[in-house]
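Report on the structure given below.
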There are 2 protein chains.
Amino acid sequence: MRVLLAEDQAMVRGALAALLALEPDIEVLGSAPDGEAAWRELERLKPDILISDIEMPGLTGLELAQRIQRHELPVKVVIVTTFARSGYLRRALDAGVSGYLLKDAPAEKLAESLRTVHRGGRAIDPELALEAWTESDPLNDRERQVLRLAGEGKSAGEIAQMFNLSHGTVRNYLSEAIGKLGVGNRIEAYRLARQKGWL
Amino acid sequence: MRVLLAEDQAMVRGALAALLALEPDIEVLGSAPDGEAAWRELERLKPDILISDIEMPGLTGLELAQRIQRHELPVKVVIVTTFARSGYLRRALDAGVSGYLLKDAPAEKLAESLRTVHRGGRAIDPELALEAWTESDPLNDRERQVLRLAGEGKSAGEIAQMFNLSHGTVRNYLSEAIGKLGVGNRIEAYRLARQKGWL
DNA sequence: TAACCCCGGTGACGTTTGTCAGAAGCGATG
DNA sequence: CATCGCTTCTGACAAACGTCACCGGGGTTA
């Protein structure tokens with residue numbers, strides 16, 4: 001089983017490579033520190049499986065998975081991430097990934113899941129899979145955009161300028177988002193949406 | 001060289017252990033998923049060096065280092081963390097740690113740093129060390145407490161109740177913090193302070 | 001064509017936020 | 001004792017925020 005590793009933190013990248021190198025049936029062809037580099041390495045090394053983090057500079061793991069799906073590359077994707085966010089899993093599944101593991105899972109789980117995927121199966125964190133079914137993102141595009149900026153401390157006026165909207169409209173969107181998420185203000189709305197992986 | 005590993009993410013913990021196991025002069029005695037567990041293992045295993053993450057459930061790596069310092073345990077501490085926050089490094093140094101590495105650093109750096117520390121030296125991320133000298137936390141205790149809650153979406157009134165203050169006083173503290181940090185509102189203040197490791 | 005929804009905008013209202021100047025209480029320092 | 005510094009409080013003001021009801025211009029859809 002020939003694998004490629006995409007992970008931005010060099011130390012974690014090296015450590016995972018060391019971990020996989022212990023398995024006799026797994027060969028680590030190489031590794032990449034971001035999505036773009038991984039994309040190039042995919043062409044060159046033709047691995048069976050790509051193991052990818054999500055949050056990486058430039059191209060994220062989710063975007064990389066989407067690109068692989070569009071180009072119909074013959075490589076399975078296994079996401080390995082810190083984030084137990086149902087929105088992330090949902091997007092990953094839409095992008096056709098074969099696995100979604102949390103870094104909280106025991107180390108042995110990784111090699112095990114790779115074997116499952118290599119046999120044609122799927123390896124999805126079970127708890128998260130459940131949550132992803134029940135909870136879906138209630139926000140529309142505008143609300144998402146506006147909430148993202150509001151969460152960075154931008155005022156309604158500033159956001160309005162960026163999108164060529166009136167500041168009243170921006171406040172309406174924020175009010176909508178706050179209502180949909182059942183919270184009390186923009187900060188809580190931002191935090192909740194972020195935690196769910198909806199931003 | 002006998003080391004103990006404290007890191008909450010099981011997969012990363014296992015991977016780091018695999019990485020260190022490759023080094024002939026390093027022996028991984030065990031590992032712990034949080035600060036309290038690490039503290040117990042320290043007593044039992046008497047390692048030369050403790051490798052610890054910072055953000056762990058319950059007792060953090062920084063608190064663990066402080067406790068080790070207070071009890072004058074004969075173990076060197078090396079922090080390995082995601083966070084390039086000068087405030088974290090500062091607190092770590094105050095707690096007498098021998099090393100502070102970022103997970104962004106190459107994997108080889110870890111073993112290398114452990115050897116340096118074992119010889120009695122220090123291994124501190126150089127860029128961060130510089131920043132820690134120049135930038136120091138301008139916030140006082142009240143400002144920190146208040147800002148932390150404000151950043152979670154609490155209103156001035158709610159915060160006031162929690163600390164038995166008037167809501168005007170809370171707003172004054174927030175205004176102070178915003179001014180000291182040179183930003184425009186509580187959200188930006190929270191984000192900046194958090195990024196610097198001052199919360 | 002009429003009915004409907006979606007997007008964006010308006011205006012008004014009360015609340016919260018951020019700023020500022022000032023002042024009372026209090027322990028420490030001289 | 002006087003003075004300083006620190007914490008907390010007050011009141012006032014403008015700005016930003018959150019909510020609501022409502023309006024107008026497209027696009028579907030019936």
Side-chain angles (χ1 to χ4, degrees), chain A residues 87 90-91 94 135-199, chain B residues 86-87 90-91 94 134-199:
Chain A
R90 200 170 262 268
R91 274 188 269 166
D94 287 345
E135 288 199 75
S136 77
D137 183 353
L139 304 178
N140 63 36
D141 287 345
R142 273 303 193 209
E143 287 157 4
R144 231 191 315 281
Q145 291 171 358
V146 165
L147 189 53
R148 195 178 289 126
L149 290 169
E152 288 167 10
K154 301 269 187 289
S155 71
E158 291 173 306
I159 298 171
Q161 281 193 325
M162 289 184 226
F163 292 123
N164 280 96
L165 296 175
S166 93
H167 80 119
T169 302
V170 171
R171 287 191 302 159
N172 283 340
Y173 284 141
L174 281 172
S175 183
E176 261 297 303
I178 291 166
K180 283 182 177 177
L181 299 178
V183 294
N185 57 49
R186 55 179 66 193
I187 305 181
E188 288 177 352
Y190 175 79
R191 291 171 68 92
L192 178 58
R194 186 133 179 66
Q195 179 209 317
K196 296 290 187 184
W198 295 335
L199 293 185
Chain B
S86 52
R90 199 171 262 269
R91 274 188 269 167
D94 287 346
T134 53
E135 288 199 75
S136 78
D137 184 354
L139 303 177
N140 63 36
D141 287 345
R142 273 301 196 210
E143 287 157 3
R144 231 191 315 281
Q145 291 172 357
V146 166
L147 189 53
R148 194 177 291 124
L149 290 170
E152 288 168 10
K154 301 268 188 290
S155 70
E158 290 174 308
I159 299 171
Q161 281 194 324
M162 290 184 223
F163 293 123
N164 279 98
L165 296 176
S166 94
H167 78 122
T169 303
V170 171
R171 287 191 295 150
N172 284 339
Y173 285 142
L174 281 172
S175 183
E176 262 296 303
I178 290 166
K180 283 182 178 177
L181 298 179
V183 293
N185 57 50
R186 56 178 66 191
I187 305 181
E188 288 177 352
Y190 175 78
R191 291 171 68 93
L192 177 58
R194 186 133 178 67
Q195 179 208 317
K196 296 289 187 185
W198 294 335
L199 293 184

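All figures in this text were calculated on a predicted structure; none of them were measured in a lab.
- Sorted by first and then second residue, the salt bridge (Lys or Arg N to Asp or Glu O under 4.0 Å) pairs involving residues 172-199 of chain B (not counting sequence neighbours) are B:Glu131-B:Lys196, B:Glu135-B:Lys196, B:Glu143-B:Lys180.
- Considering only residues two or more places apart in sequence or on other chains, B:Arg144 meets the side-chain contact (heavy atoms from CB on, under 4.5 Å) condition with B:Asp137, B:Leu139, B:Asp141, B:Arg148, B:Leu199.
- The shortest heavy-atom contact between B:Ile159 and B:Ala150 is CD1-N, 3.7 Å.
- Smallest separation of non-hydrogen atoms from B:Ala189 and B:Ile178: CB-CG1, 4.1 Å.
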Show the distances under 3.5 angstrom between N or O atoms of the protein and N or O atoms of nucleotides 18-24 of chain D.
{"residue": "D:dG18", "atom": "OP1", "partner": "A:Arg186", "partner atom": "N", "Å": "3.2"}
{"residue": "D:dG18", "atom": "OP2", "partner": "A:Arg186", "partner atom": "NE", "Å": "2.6"}
{"residue": "D:dG18", "atom": "OP2", "partner": "A:Arg186", "partner atom": "NH2", "Å": "2.8"}
{"residue": "D:dG18", "atom": "N7", "partner": "A:Arg171", "partner atom": "NH1", "Å": "3.0"}
{"residue": "D:dG18", "atom": "O6", "partner": "A:Arg171", "partner atom": "NH1", "Å": "2.8"}
{"residue": "D:dT19", "atom": "OP2", "partner": "A:Ser175", "partner atom": "OG", "Å": "2.9"}
{"residue": "D:dC20", "atom": "N4", "partner": "A:Asn172", "partner atom": "OD1", "Å": "2.8"}

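- Shown here are the side-chain hydrogen bond (donor to acceptor under 3.5 Å, both in side chains) partners of B:Ser175, two or more places apart in sequence or in another chain: there are none.
- A heavy-atom distance below 4.0 Å to DNA chain C is reached by these residues of residues 137-163 of chain A, ordered by number: A:Arg142.
- Across every non-hydrogen atom of B:Trp198 and B:Gly87, the tightest pair is CD1-CA, 4.0 Å.
- Contacts of B:Arg142 classified as side-chain hydrogen bond (donor to acceptor under 3.5 Å, both in side chains), with partners at least two apart in sequence or in another chain: B:Gln145.
- Put simply, CG on A:Leu147 and CG on A:Leu181 are 7.0 Å apart, with the number rounded to the nearest 0.5 Å.
- Sequence neighbours left out, not one pair with a member in residues 149-158 of chain B passes salt bridge (Lys or Arg N to Asp or Glu O under 4.0 Å).
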Only pairs under 3.5 Å count here: list side-chain donor-acceptor contacts from residues 160-167 of chain A, not counting sequence neighbours, and write none if there are none.
{"residue": "A:Ser166", "atom": "OG", "partner": "A:Gly168", "partner atom": "N", "Å": "3.2"}
{"residue": "A:Ser166", "atom": "OG", "partner": "A:Thr169", "partner atom": "N", "Å": "3.2"}
{"residue": "A:Ser166", "atom": "OG", "partner": "A:Thr169", "partner atom": "OG1", "Å": "3.2"}

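- With a heavy-atom cut-off of 4.0 Å to chain B, the contacted part of DNA chain C has its first and last nucleotide at C:dT17 to C:dC20.
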